[in-house]
Participant: 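Handing you a structure now.
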Amino acid sequence: MNLMEEIQRYASDIVGAEQLQKMLASASAEKAPLRVKFGIDPTFTDVHLGHAVPIRLLRLFQEHGHLPVLILGDGTARLGDPTGRNQQRPPLSQEEVEANATTYLQQIGQLLDLDPARCEVRRNSEWFGRMDFFDCLQLAARSTVARMLERDDFQKRMRENLPVHLHEMLYPLMQGYDSVMVRADVELGGNDQLFNLHMGRQMQEREGMRPQVCITTPLLLGTDGRKMSKSYGNHVGLNAAAHDMYGKIMSLSDEGMESWFALATRLPEERVQELLAGHPRQAKDILAQTIVAEIHGETAAKEAAEEFVRRFQKKDLPSEIPQQTLPCARYALPNLMKDAGLVSSTSDARRLIQGGGVRLNQEVVKDVRLEVDLTTSGSEVLLQAGKRRFVQVRAVD
RNA sequence: GGGGAGAUACCUAAGUGGCCAACAGGGAUGGACUGUAAAUCCAUUGGCUCAGCCUUCAGAGGUUCGAAUCCUCUUCUCCCCA
């Protein structure tokens, strides 16, 4: 399979496909790697598998000798980003953004070779940080209100009488300007980024540069079938522990499997079809193991799968249970659960107990007033809330 | 700058003086079922020293025996006009 074909597998839209063909051909003829840009805003602490789709595509380019140009939108992140989730992200402080950027890089490094010789990492504060207001106005003068209003997200919010802030209009411009500054040949992004990618093309043209090719990737859906997003809690973080990642993928809905195979693994099409024809449970197991293996290694993936079976099919205890020490005392069960960090309030604990979701030393407890005697130093109890929250509590003087 | 509408719990959204910790739906959590899928059913969804008490309806004051509901000011949003 040549690069172009592989790109097609991940792409939902390619703006300038013929141009890309030519660029790839001349790049290999002249041994001049293409500069492939991908931008990400360090607005949260982690990157999830949804972000990983374009990053995978980026790696593909890298493997074929092209140069990934990773942009950390540390400037844009501080503004907050209108990503169609209707509520604006809060602006962040410089420290927060920097901390996020660090974890982002570390996580992206699991998928992409960040060696400076093979990848360029840039922060857009590098150029935005030294622009003054007049420069900013000049930038704003390069587009029009009508053009910005074409953006779906803005239109939607206007229709719903929700606020669209002025600075949000500048966001696509900033992203476009990034492309100018790094002289991108190609830019990758999620499906929802098409507008912004186009903006880069347009701005490069105005600068007399060759406009970048834009490639968008389909959005990977979350485990519940909605768009993967931290605010829905349906995401799988790249920094998730192996067993956690495995478990989350196992809870993926059956309908989502096909696209996950396509977007989150490199398994060949025939193999995927074969798996999908079999029992969904098994196909999902392969899916989960494949993804976990890529990040945590084969061994960890196997172990995660075994642990999963042990815990959820045989209902055994997990192999590792968090420990917690508490001062010696008699504890009312709800308070014990709260102190052990199993729940956030005693009211919450009471509800769980009444709902039959709490086990003390593996026995279901339904009595809210139960007291637990931990007056002897060294005494221990095992607490369980729901299917997956466990704590081993140990009393100390 | 002028006029109008609005801000309720995680989200949508009812409630216009006591029956309101606040209808309903979504989501979430727990339970049953199961393949930690889907569908379905049940329960829960502010806090606590929990048959009781305390704090919530944008914020600050006020009226009242009593306010999410009435009044004043403030902040924020939307719409129309300029």
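Just so it is clear: chains get the letters A, B, ... in the order the sequence lines come, proteins before strands, and each one is counted from 1. Reckoned from all heavy atoms, side chains included, excluding hydrogens, waters and symmetry mates.
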Participant: Paired with B:U16: which nucleotide, if any, by Watson-Crick or G-U wobble criteria at under 3.5 Å for both distances?
Facilitator: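 Looking at the geometry, B:U16 pairs with no nucleotide.
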Participant: Considering only heavy atoms from C-beta outward, does the side chain of A:Tyr104 approach that of A:Ile40 to under 4.5 Å?
Facilitator: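 Side-chain contact under 4.5 Å: yes.
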Participant: Taking the C1' atom of each, how far is B:G15 from B:C65, in whole Å?
Facilitator: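 Nearest-Å result for B:G15 against B:C65 at atom C1': 23 Å.
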Participant: Looking for any heavy atom pair under 4.0 Å, which part of the strands does A:Lys366 touch: base, sugar-phosphate only, or nothing?
Facilitator: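 Result for A:Lys366 = nothing.
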Participant: Determine, for A:Phe154 and A:Arg157, whether the Lys NZ or Arg CZ falls below 6.0 Å from the six-membered ring centre while staying within 45 degrees of the axis.
Facilitator: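 Checked: cation-pi criterion not met.
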Participant: Is B:U34 paired to anything, Watson-Crick or G-U wobble with both distances less than 3.5 Å, and if yes, which nucleotide?
Facilitator: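 Result: none.
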Participant: Could you tell me the Watson-Crick or G-U partner of B:C57, where both distances fall under 3.5 Å? Say none if there is no partner.
Facilitator: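 Across all strands, not a single nucleotide pairs with B:C57.
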Participant: Output yes when at least one side-chain N/O atom of A:Arg226 is less than 4.0 Å from OP1 or OP2 of B:G26, else no.
Facilitator: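 Result: no.
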Participant: First locate atom CG of A:Leu275, then atom NZ of A:Lys284, and finally report the distance between them rounded to the nearest 0.5 Å.
Facilitator: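 One finds 13.0 Å between CG of A:Leu275 and NZ of A:Lys284.
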Participant: Relative to the 5' end of RNA chain B, which residue comes earlier, A:Gly355 or A:Leu252, by the nucleotide with the nearest heavy atom?
Facilitator: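 With A:Gly355 and A:Leu252 compared, the 5'-side residue is A:Gly355.
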Participant: Under the criterion side-chain contact (heavy atoms from CB on, under 4.5 Å), which of A:Leu220, A:Leu263, A:Thr223 is the partner of A:Leu49?
Facilitator: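 Of A:Leu220, A:Leu263, A:Thr223, side-chain contact (heavy atoms from CB on, under 4.5 Å) with A:Leu49 is met by A:Leu220 alone.
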Participant: What nucleotide among B:U29, B:U77, B:A28 has an atom nearest to a side-chain atom of A:Leu352?
Facilitator: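 Closest nucleotide among those given: B:U29.
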Participant: From C-beta outward on A:Arg350, which listed nucleotide comes closest to its side chain: B:C50, B:G46, B:A28?
Facilitator: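 It is B:C50.
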Participant: Given B:A28, B:G46, B:C50, which nucleotide is nearest the side-chain atoms of A:Arg351?
Facilitator: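 Within the option list, the nearest is B:G46.
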Participant: Students often get this wrong, so: under 4.0 angstrom with heavy atoms, is A:Gly356 touching a base, only sugar-phosphate, or nothing?
Facilitator: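 Touches sugar-phosphate only.
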Participant: Please pick, from B:G35, B:C48, B:U34, the nucleotide with the shortest atom-to-atom distance to any side-chain atom of A:Lys315.
Facilitator: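 The answer is B:U34, which lies nearest to the side chain.
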Participant: When you look at A:Thr346 and A:Asn335, which way does the side-chain hydrogen bond (donor to acceptor under 3.5 Å, both in side chains) test go after all the steps?
Facilitator: CA-CA 6 Å; A:Thr346 57; A:Asn335 297 284; 5.0 Å; no
Participant: Among the nucleotides B:U77, B:A38, B:U29, which one has an atom lying closest to any side-chain atom of A:Pro163?
Facilitator: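 Within the option list, the nearest is B:U77.
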Participant: Quick one: label A:Arg388 by what it contacts on the DNA or RNA (base, sugar-phosphate, nothing), any heavy atom closer than 4.0 Å.
Facilitator: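 Here A:Arg388 touches the bases of the nucleic acid.
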Participant: Quick one: look up who B:U77 pairs with, Watson-Crick or G-U, both distances under 3.5 Å, and put none if it's unpaired.
Facilitator: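 Check on B:U77: paired to B:A5, both distances under 3.5 Å.
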Participant: For A:Lys338 and A:Val358, take the nucleotide of RNA chain B holding the closest heavy atom to each; which residue's nucleotide lies nearer the 5' end?
Facilitator: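 Upstream on the strand: A:Val358.
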Participant: Below 3.5 Å, does any donor atom in the side chain of A:Asp254 face an acceptor in the base of B:G35, or the other way round?
Facilitator: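 Pair found.
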Participant: Look at the side chain of A:Ser345 and the base of B:C48, then say whether one donor and one acceptor between them are separated by less than 3.5 Å.
Facilitator: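 Flag unset: no donor-acceptor pair detected.
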Participant: Has A:Ser347 got a side-chain N or O lying under 4.0 Å from the OP1 or OP2 atom of B:C48?
Facilitator: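 Answer yes for this pair, as a side-chain N or O of A:Ser347 is under 4.0 Å from OP1 or OP2.
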